[in-house]
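First listed ligand is number 1; within each ligand, the first listed atom is number 1. Here the structure is a predicted model, which is why all the values come from computation and not from measurement.
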Amino acid sequence: MREIERAEVVRRAREAGAHLISFFWCDNGGIIRGKSTHISGLESRLASGIGVTTAMQAMGDMDQLQVVDGMGPAGEFRLVPDPDTFTILPYAPKRALMLCDLIARSRKPWEACPRDFLKRMLTQAEHMGLRFQVAMESEWYLARKEGDKFVPCDESLDNSSVGMTFAQEVVDEIIEALEAQGIGIEQYHTEVGHGQHELSIRHAPALRAADNHIIYRETVRNVAYCHGMYASLAPKPFPEQAGNGCHIHFSGWDLEEKKNLFYDAQDADNISELAYHFIGGVMAHLPGLVALTCPSMNSYRRLSPGSWSTAFTCYGGDNREAALRIPSNFWGVEMASTNLEFRPSDNSSNPYIALGGLIAAGLDGIERELQPSTSQRVDVDPMRLTEEELARRDIHRLPTSLADATRELEQDMVLLDAMGPLLANSYLAIRHADWEIFSREDTEFEIKNHFYKY
Ligand code: GLU
Ligand code: MG
């Protein structure tokens, strides 16, 4: 970080009266972790970072430490914050946060840094003349604690105005807090589940969108807590209710960011050849990719047919049961609004890894000029297709468990190579560790230990 940037961050923190500045990162289990510096040490910490044991990236969802070469009790990485991410926390005004790169002692990005993985994918895309705009569309529940049980804060229905009434104060404050942190709001509505909400935010360049998603998760959880509520962003916090998705909307633009290269007015869906190649790449890597976008045990309770969470290897126009949806674009702004939506994705993922993996898959499709198979295009609910028809059209179930998804990822050398050995090995180790613990326990244990983690 340059001296002038450091001075600016310190000035803003002092001006706001912040005394603690948290340096945050997201771990291999999708958990946001951090260490904070007092304002008096901020300037020097901005220059030197804060040291963290490398073992932190080898910890599972229950803090169970895994044996991973290159990570352990000996060795440190440094949390080095990106000055562009500095934000005073509206729900805790004496505090600020910054999002960090994990830097090795060599002062180069540490090989296991998730944020660097995404940056590397974005650089690769730029070499191919592409810049991505991304919006992560998150759903969550508002719950209260009764005894040691969480219960939804209301019994409202999908898009119901009644649900909007119940949650009005907390949602309004979340909106204000996001806007105060420079995050624009797109839409808001209640979702299918009791007490479930969807508040979507404006798209942004890919790295910023992943950063924004971390800030979003912090904001939703903290503002709800200030109102005596628990916001659960877990994939399936209530087994009997709808799951929480975090669908990824994305489009690929030219380097001047003037032309949406995913758009073609001539195509029936307004999708360009380049975008079809991207879809081809995503379809080719879908089973392994799901281990990056749906990485927790609880993720696979969500991914089931008939709940719009998606369960099959298919894509389709405006199809909410398709893993990849081609949303119809908006009247009057067709070029700007053309995008793709990746749906088997949830808030338990590390957004840098999820997005890095999605881009790695898509770029492979562009590089190899893959065409998505027309038989995998489904414009009806795939549940309406018979077993024979699904088989004939080469449409399969997405992985149905964390173990299955992990196995798929282990065989996907394109995704693993893109991540690099240290990130890939540690990531896989955590998936195995979580499967090991949770597959031995019951549903109650799984819910309890996912409900309030993300
Ligand atoms: N809740 C659904 C999911 O798990 C998505 C519902 C919707 O289409 O917004 O992804
Ligand atoms: Mg939704």
Open item on the list: Pairing donors with acceptors under 3.5 angstrom, does anything connect the side chains of D318 and S328?
Closed with: yes
Task: Shortest protein heavy-atom distance from atom 6 (C) of ligand 1, along with the residue and atom involved - done: E139 OE2, 3.4 Å
- [ ] Using the six-membered ring of F438, assess whether NZ or CZ of R440 lies under 6.0 Å from its centre and within 45 degrees of the ring axis.
- [x] no
Open item on the list: Polar contacts were defined as any N/O atom of the residue lying under 3.5 Å from an N/O atom of the ligand; does this apply to G243 and ligand 1?
Closed with: yes
- [ ] Please report the C-alpha distance between S156 and T190 in whole Å, then the side-chain angles of each, then the deciding distance to 0.1 Å, and finally whether the side chain to side chain donor-acceptor pair (under 3.5 Å) criterion is met.
- [x] CA-CA 8 Å; S156 71; T190 56; 4.9 Å; no
Open item on the list: Given 3.5 Å as the limit, does a donor-acceptor pair link the side chain of S349 with the main chain of L292, or not?
Closed with: no
Open item on the list: For N/O/S atoms only: which one belongs to E191 and is nearest the Mg ion (ligand 2)?
Closed with: OE2
Open item on the list: Angle at the Mg ion (ligand 2), OE1 of E198 to OE2 of E139, rounded to 10 degrees, please.
Closed with: 110°
Open item on the list: Measuring from non-hydrogen atoms of E198 to any atom of ligand 1, is the shortest distance under 4.0 Å?
Closed with: yes
Open item on the list: Between K448 and D442, does any side-chain N to carboxylate O distance fall below 4.0 Å?
Closed with: no
- [ ] Compute the centroid of each ring, for Y230 and then for F150, and state whether the two points are separated by less than 6.0 Å.
- [x] yes
Open item on the list: Considering both backbone and side-chain atoms of E191, is one of its nitrogen or oxygen atoms within less than 3.5 Å of a nitrogen or oxygen in ligand 1?
Closed with: yes
Task: Audit row: S296, L402, side chain to side chain contact (heavy atoms under 4.5 Å, CB included) steps and yes/no - done: CA-CA 7 Å; S296 67; L402 177 57; over 6 Å; no
TODO: Could you tell me whether S309 approaches ligand 1 through its side chain, its backbone, both or neither, with non-hydrogen atoms closer than 4.0 Å?
DONE: both
Open item on the list: Using a 4.0 Å cutoff against the non-hydrogen atoms of W308, which atoms of ligand 1 qualify?
Closed with: 2 (C), 3 (C), 5 (C), 8 (O), 10 (O)
Task: Top protein contact for atom 8 (O) of ligand 1, by heavy-atom distance - done: R343 NH2, 2.9 Å
Open item on the list: Tell me whether N28 contacts the main-chain N or O of Q57 through its side chain, where contact means a donor paired with an acceptor under 3.5 Å.
Closed with: yes
Open item on the list: Regarding ligand 1, does R302 bring an N or O atom to under 3.5 Å of one of the ligand's N or O atoms?
Closed with: yes
- [ ] Using distance alone, determine whether H247 and ligand 1 share an N or O pair under 3.5 Å.
- [x] yes
